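Reading through the structure tokens given below for one structure.
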Protein chains: 2
Amino acid sequence: MTSRLEALCMEKGLKMTGQRRVISQVLSEADDHPDVEEVHRRAAQIDPRISIATVYRTMRLLEDAQVIERVDLGDGRARYEEATADHHHHLIDTRTGRIIEFASPELEAMKERIARELGYKIVGHRLEIYGVPLDEAGEDGRDEEERS
Amino acid sequence: MTSRLEALCMEKGLKMTGQRRVISQVLSEADDHPDVEEVHRRAAQIDPRISIATVYRTMRLLEDAQVIERVDLGDGRARYEEATADHHHHLIDTRTGRIIEFASPELEAMKERIARELGYKIVGHRLEIYGVPLDEAGEDGRDEEERS
DNA sequence: TCTGGGATTGCGAACGGTTTTCAGTATGAT
DNA sequence: ATCATACTGAAAACCGTTCGCAATCCCAGA
């Protein structure tokens, strides 16, 4: 059965090898933001002879083909998600690492405006919010707040 | 004479060595966002026997002491700026690498609101805009400001 | 002013994530 | 099936950053 990403790859004329098929499947089924190691782990469960180097290469290939998107969450390794048409951003739960996606047209508009006022045309942007759940924010041992 | 950052360091009770003095001076005089290698280059011009390891160590020290702030511009290396009270963000000129700082209270408010709606309290955030100068970007000349 | 000992430094080695090299393998067009 | 070519695995190279260690420096105390 061809996964969504596999279909996309064939559409783009990429040679479909066994490992690319497996990685495409893994990525199609992922609903989170796995890093390369995690993709490799999941791929290896389907076919243990896939090497980490191939995963790296395939991720780059898919990124270049704009099938997936690299997400830099500031933790030193690249994470990935399926490419989407609409721009969105990430809120990272610093307690659990959970990543929540959100989009805000107003925010987009405001960014455009700010860039224009500075004399620039936006070619890319990224916003990350780090936060803690409201209902847990005030409870346990008051760690002092730090605004950065 | 003692640089601004050097004074800050002494205030915080850090032992002031020759290298820390030099690095503090370099950082006090910088009005850009140098990476460690660049700080080392500038420091070495004042005192050539400062090692890159010491620069790395000192940057971390100053960061921990909240004298400077690390800025991750997504280019794989850490950049730094003096710590400021007000939160600001960066617009990166993808043609030249120039970094323009900007702040927007409305943007801050909007982020707070978005986080709250998602049930979160913000503990940190970061926004980067990548852009090209309007007057070099092609037509769509909406706002033509000299911005070299 | 001199001293002692903990903090700091320089060097190179180690590190973690990522890319590359290279020889062997698999793919898809024929 | 065949063959040129693209792809793969394993290991080495890379790059920014950190660490281990012996030598050195800073500065509180004498």
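Basis for what follows: all heavy atoms, side chains included, without hydrogens, waters or symmetry-related copies. Just so we're on the same page: letters track the sequence lines, and every chain starts at 1. Everything quoted here is computed from the prediction, not taken from an experiment.
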Could you tell me whether B:Glu106 and B:Lys111 make a salt bridge, using a distance below 4.0 angstrom between a side-chain N and a carboxylate O? no
Under 4.0 Å between a side-chain nitrogen and a carboxylate oxygen: does that hold for B:Arg49 and B:Asp47? yes
For C:dT9 and B:Ser51 - does any side-chain N or O of the residue sit under 4.0 Å from the phosphate oxygens OP1/OP2? no
Scan for ring pair (Phe, Tyr, Trp, His ring centres under 6.0 Å) pairs involving residues 59-84 of chain B, sequence neighbours excluded, and state none if there are none. none
Only one of A:Arg42, A:Arg79, A:Arg98 passes salt bridge (charged side-chain N to carboxylate O under 4.0 Å, His left out) with A:Asp32; say which it is. A:Arg42
In Å and rounded to the nearest 0.5 Å, what is the NE2 to CD1 distance from B:His40 to B:Ile52? 5.0 Å
Give the rounded distance in Å between these two atoms: [atom1] of [X] and [atom2] of [N].
| X | N | atom1 | atom2 | value |
| --- | --- | --- | --- | --- |
| A:Leu61 | D:dT8 | CG | C1' | 13 Å |
| B:Asp64 | D:dT18 | CG | P | 10 Å |
| B:Arg41 | D:dG16 | CZ | C1' | 14 Å |
| A:Arg20 | C:dA26 | CZ | P | 15 Å |

Are a donor atom and an acceptor atom from the side chains of B:Glu108 and B:His88 found within less than 3.5 Å of each other? no
Between its two end axes (five pairs each) the helix from C:dT1-D:dA30 to C:dT30-D:dA1 turns, nearest 10 degrees, through 30°
Step-by-step salt bridge (Lys or Arg N to Asp or Glu O under 4.0 Å) determination, A:Glu117 to A:Arg113: CA-CA 6 Å; A:Glu117 280 172 6; A:Arg113 209 202 69 220; 3.2 Å; yes
Pair listing, salt bridge (charged side-chain N to carboxylate O under 4.0 Å, His left out) test, anchored in residues 11-21 of chain B, at least two apart: B:Glu6-B:Arg21
Pairs in or reaching into residues 58-67 of chain A: which pass salt bridge (charged side-chain N to carboxylate O under 4.0 Å, His left out), with residues at least two apart or in two chains? A:Glu63-A:Arg70
For B:His90 and B:Ile99, indicate whether the former's side chain and the latter's backbone hold a donor-acceptor pair under 3.5 Å. no
Does B:Ser28 reach the main-chain N or O of B:Ser24 with its side chain, forming a donor-acceptor pair under 3.5 Å? yes
Generate the contact string for nucleotides 15-24 of chain C. Rules: B means base contact, S means sugar-phosphate contact only, - means no protein heavy atom under 4.0 Å. --SBBBB---
Base, backbone or nothing for each nucleotide of nucleotides 22-30 of chain D, written B, S, -, heavy atoms under 4.0 angstrom, 5' to 3'? ----BS---
